Amino acid sequence: MDKKTIIKTLEKIALYMELQGENPFKVSAFRKAAQVLELDARSLAEMDNILSLKGIGAATGSVIEDLINVGESSLLVELQSTVPSGLLPMLKIPGLGGKKIAKLYKELQIDSIEALKEACETNKVQALAGFAAKTEVKLLAEIENLQSKPERTAVWQLEPIVAMIESKLAAIPAIDKFSVAGSYRRVKEASKDIDFIIATATPKEVREELLKVLPVLKIIAAGDTKVSITLGGEQEVDVDFRLVEARQYASALNHFTGSKDHNIKMRQIAKEQGKKISEYGVELEDGTVVHFESEKDFYAYFNLPFIPPTVREDGSELTKLDQLSKLITLDDIKGDFHMHTTWSDGAHSIEEMIEASRTKGYSHIVITDHSNYLKVANGLSKERLLKQMETIKEINAKYTDIEVFSGTEMDILPDGSLDFEDEILKQLDFVIASIHSSFSQPQEKIMERLQTAMKNPYVHMIAHPTGRIIEQRDGYNPDVPTLIEWAKEYGKILELNASPYRLDLKTEHLKLVVEAGVPIAINTDAHHIDQLKYMEIGVRYAQKAWLHKENVVNTWTLEQFKQFIQK
DNA sequence: GCCGTTTTCGGCCCGACTGTTTTCAGTCG
């Protein structure tokens, strides 16, 4: 029996209980028990006192004992035999929760989305107390919608939408200030919706403006403080706007940035002090409400350092406050080691990339165009690469404030060989090895290819190690723990590719890399000067894995970097 | 269902919005 299975079982039990219309506190007790296990860093074998953990009592404890002793939970088995599995997907229908689904099942024997659709169409649902004609229409629309709209939208799809909304909000005079909040602000890879906080003295006016200037497909809700809409366009997405007074802004921003778990932890802390946190401020026992100028002030009020949005996740961040000052920040970044120019598939010349990098304040960068194999990207032949090296040398001589190194993003070919011979590689300052082809090979073959690169003495780094595109393709499925072991053995850098399409390696893998003590480079893989800005999302994503400055190659000084690439 | 150094019973984070009601339940974040 492993911990994951126990956690999953407890969560599944909670789900089934919800579908029975159970007491929500009872349901959340099972979720909490699952979370207690999740947050405990120890493996199942290392935990000798599971049943004495806070949050695990008689009922949840017996589920765990069942799983360890028998291999299955009698409670879950019982629930599964009484609750039809067809009710589970019904929870995905907006407007339907456990109570209503339980009622629909109990009164009308509705046990699937299909059955619900039919019952609505034949007007059987409106006969139930608490349901009416309008509900049937809404349910039918939501069921219809369920197939067409994806559950989560990737960060790279949201990015241009957020930018569009920001430009619209900036042009509304009645808005004092605004910020994106929610999981997008926490740099989650994908989000269910986008949240915005708006400070205004005239919320009604702003509400009307919003509905006018945005490409609204559907209004989900439009109250005095909340406007929820579905935006049309290439990518349909739900957006929530919260309209608050200027003095409530910091509290609202904090509240709607979440995460939910982080907020709950903060509220518990406040409660112990006899205070109450809401999205409008902190209420004291005598009823007065304290407001804050900024989120920093809000945390300071509870004697806490500023906690960046990116690490506000499962609540465990409040036990790692001593690490906050070591977290990697954009200010620590001294260089970018993976970018393309017009020599291969980039949009800008070497000089333009250098100039754009100088405005970032970098002390060193590496130009890494594609190699010969990648014809679609105009990959460089060895002759062109040698010529580029000369060109970079000449250009570099013109600059005193930035050092430009010659590199390559060399393909690891499908047959496991490398695209350039050692004779060429040893002349380069920095060598990246990447897989761009034959993703569907069996894992052993993929690992064989990666190992060839790892063993090559002239390779410095493996780029986008899994090849994933967020929410779109999984990549080539390497055995990442083994890859990390090799990186340690052969002294290689692993990349956190900062392109929002990739964010590769992902958080859970980055944590392993840190544990192994393998250096990580955060690189934009920029094909355009505008994409150099991806360093920011990369750094903020790295914070989610609690990457410290010392784990990240980009924080090294020019001298330290030179030493590494020369060995 | 779980918890407890004011508590073994009563509260569990808190508030907005909708659709159903005619003062509130359910859902959502």
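Remember, it's a predicted structure, so these values are computed and weren't measured experimentally. Protein chains get the first letters and strands the later ones, always in sequence-line order, with residue 1 at the start of each.
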| request: For B:dA16, take OP1 and OP2 only and decide whether either is under 4.0 Å from a side-chain N or O of A:K226. | output: no
| task | For A:P94, answer base if it contacts any base atom (sugar-phosphate contacts may also be present), sugar-phosphate if it contacts only those atoms, and nothing otherwise; contact means non-hydrogen atoms under 4.0 Å. | result | sugar-phosphate
| Nucleotide nearest A:A221 (side chain, heavy atoms from C-beta), chosen from B:dC14, B:dT18, B:dC2 | B:dT18
| request: Check the distance between B:dT27's P and A:L19's CG and give it to me in whole angstrom. | output: 11 Å
| request: Would you please confirm or rule out a distance under 4.0 Å between OP1 or OP2 of B:dC12 and any side-chain N or O of A:K26? | output: no
| query | Counting any heavy atom closer than 4.0 Å, what does A:F256 reach on the DNA or RNA strands: base, sugar-phosphate only, or nothing? | reply | nothing
| message | Tell me whether the rings of A:Y501 and A:W156 are parallel (<30°), tilted (30 to 60°) or perpendicular (>60°). | response | parallel
| said: It should be established whether A:K99 places a side-chain nitrogen or oxygen under 4.0 Å from OP1 or OP2 of nucleotide B:dG26. | reply: yes
| Note: A:E189-A:R468 ion pair, threshold 4.0 Å (strictly below) | yes
| Minimum-distance nucleotide (side-chain atoms of A:A29 versus B:dC2, B:dT27, B:dC12) | B:dC2
| task | Describe the nucleic acid contact of A:A33 in one word from base, sugar-phosphate, nothing, applying a heavy-atom distance below 4.0 Å. | result | nothing
| query | Atom CD of A:Q248 and atom C1' of B:dG15: how far apart are they, to the nearest Å? | reply | 12 Å
| task | Using a heavy-atom cut-off of under 4.0 Å over every strand shown, decide if A:I219 touches base, sugar-phosphate, or nothing. | result | nothing
| field | Any donor-acceptor N or O pair under 3.5 Å, side chains A:D261, A:S259 | value | no
| message | In whole Å, I'd like the distance from the CD atom of A:E22 to the C1' atom of B:dC2. | response | 14 Å
| remark: A:K271 atom NZ is separated from B:dG11 atom P, nearest whole Å, by 10 Å
| request: Would you mind reading off the distance between A:I64 atom CD1 and B:dG1 atom P, rounded to a whole angstrom? | output: 14 Å
| message | Do A:Y299 and A:N254 pair up side chain to side chain, a donor and an acceptor below 3.5 Å, judged on atom types alone? | response | yes
| Neighbour count >12 (heavy atoms, 6.0 Å) for atom CD, A:E46 | yes
| Between B:dG11, B:dG19, B:dG1, which one does the side chain of A:N23 approach most closely? | B:dG1
| Atom pair distance, as rounded to whole Å: CZ in A:R267 and C1' in B:dC12 | 13 Å
| message | Heavy atoms from C-beta onward define the side chain here; which of B:dG26, B:dG29, B:dC13 lies closest to that of A:K100? | response | B:dG26
| said: Distance check needed: B:dG26 C1' versus A:K103 NZ, whole Å only. | reply: 11 Å
| Would you call the rings of A:F298 and A:F292 parallel, tilted or perpendicular, where under 30° means parallel and over 60° means perpendicular? | perpendicular
| message | Please determine whether a side-chain nitrogen or oxygen atom of A:S28 lies at a distance below 4.0 Å from atom OP1 or OP2 of B:dG1. | response | no
| task | Return no unless some side-chain N or O of A:S278 is found under 4.0 Å from OP1 or OP2 of B:dC13. | result | no
| task | Could you tell me whether the phosphate oxygens of B:dC14, OP1 or OP2, come under 4.0 Å of any side-chain nitrogen or oxygen in A:Y280? | result | no
| query | What is the glycosidic conformation of B:dT20: syn, defined as within 90° of 0, or anti? | reply | anti
| request: State which of B:dT20, B:dC3, B:dG15 makes the closest approach to the side chain of A:K276. | output: B:dG15
| query | Base, sugar-phosphate alone, or nothing: which one does A:T60 contact when heavy atoms must sit under 4.0 Å apart? | reply | sugar-phosphate
| query | With nearest nucleotides of DNA chain B determined for A:I277 and A:I93 from heavy-atom distances, which residue corresponds to the more 5′ nucleotide? | reply | A:I277
| Atom CD of A:E144: over 12 foreign heavy atoms under 6.0 Å | no
| Which part of the nucleic acid does A:A129 contact within heavy-atom distance under 4.0 Å: base, sugar-phosphate only, or nothing? | nothing
| query | Relative to the 5' end of DNA chain B, which residue comes earlier, A:K275 or A:A133, by the nucleotide with the nearest heavy atom? | reply | A:K275
| remark: Per atom distances to the A:D195 side chain, the nearest of B:dG19, B:dG29, B:dC2 is B:dG29
| In whole Å, what is the span from the CD atom of A:E272 to the P atom of B:dC13? | 12 Å
| query | Contact class for A:D224 vs. all strands (heavy atom < 4.0 Å): base, sugar-phosphate, or nothing? | reply | sugar-phosphate
| Options B:dG4, B:dA16, B:dG26, nucleotide nearest the side-chain atoms of A:T225 | B:dA16
| Touch check for A:L53, heavy atoms < 4.0 angstrom, all strands: base, sugar-phosphate only, or nothing? | sugar-phosphate
| Salt bridge flag under 4.0 Å for residues A:R42 and A:D40 | yes
| said: Could you tell me the Watson-Crick or G-U partner of B:dC3, where both distances fall under 3.5 Å? Say none if there is no partner. | reply: B:dG10
| query | With respect to the phosphate group of B:dG1, does any side-chain polar atom (N or O) of A:K32 fall under 4.0 Å of OP1 or OP2? | reply | no
